[in-house]
Amino acid sequence: MNIHTYEKFWLAASMVLIVGFILTITYGAVGLGIAMVDDSSPTVDPDNLDDHPGFADPGVEQVGENEYEVYVRAVQFAYFPGEVEVPANSEVTIHVTSEDVIHSYSVVGTNANTMVIPGEVASITFEADEPGEYGVLCSEYCGAGHHDMEGTLVVVPEDEYEGDA
Ligand code: CUA
């Protein structure tokens, strides 16, 4: 059978595209270290957060010399605490959960961004290197006040850090 040269070219090009799509999807799923909130995440009872060791009194907790854990509650339409303050040159893990509907915790200008699902604990760990102030936004539509749902993440110079704000 004689296949026209152009036909061969388009066949080859479409094969390359298909393989390309598969590679892109595979890379996106496993190559970037992106983790979805899933069954393996710790769970909490969204109706009884007051009984949870971390979420009962949300805020910043020092857990090591330069290590901090932060518990944040998301609720229509705010974060508690709204402002999180951590010292520079530390490793920070933020645990967020929701009391009501799906929200997100998205640190503007960084790749720290997670969905916040009632009953699940989303955790983000990052190095707070340089002092600076970051906005935190909810990027999941969660109701009439969604656009007002915001917070702040402040990395303060080490010598100015005064503990849980
Ligand atoms: Cu919370 Cu949108």
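Every number for a ligand or one of its atoms is a count from 1 in the order of the listing. Given the structure is predicted, the values throughout are model-derived calculations rather than measurements. Computed from heavy atoms alone, side chains included, the values below leave out hydrogens, waters and symmetry copies. FYI, the numbering just counts along the sequence from 1.
- Under the 4.5 Å side-chain criterion, counting only non-hydrogen atoms from C-beta, Ser123 is in contact with His95.
- When only modelled atom types and interatomic distance are considered, Ser90 and Asn66 share no side-chain donor-acceptor pair under 3.5 Å.
- Residues passing the ring-ring contact (aromatic ring centres under 6.0 Å, His included) test with His4, sequence neighbours excluded: Tyr6.
- With sequence neighbours excluded, the residues satisfying side-chain contact (heavy atoms from CB on, under 4.5 Å) with Asp45 are Asp47, Asn48.
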Using ring-ring contact (aromatic ring centres under 6.0 Å, His included), reason through Tyr71 and Phe80 one step at a time and then give a plain yes or no.
CA-CA 8 Å; Tyr71 285 87; Phe80 295 97; over 10 Å; no
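- Counting only residues at least two apart or on different chains, the ring-ring contact (aromatic ring centres under 6.0 Å, His included) pairs with a member in residues 124-143 are Tyr141-His146.
- Near atom 1 (Cu) of ligand 1, less than 2.8 Å away, sit the protein N, O or S atoms His103 ND1, Cys138 SG, Cys142 SG, Met149 SD.
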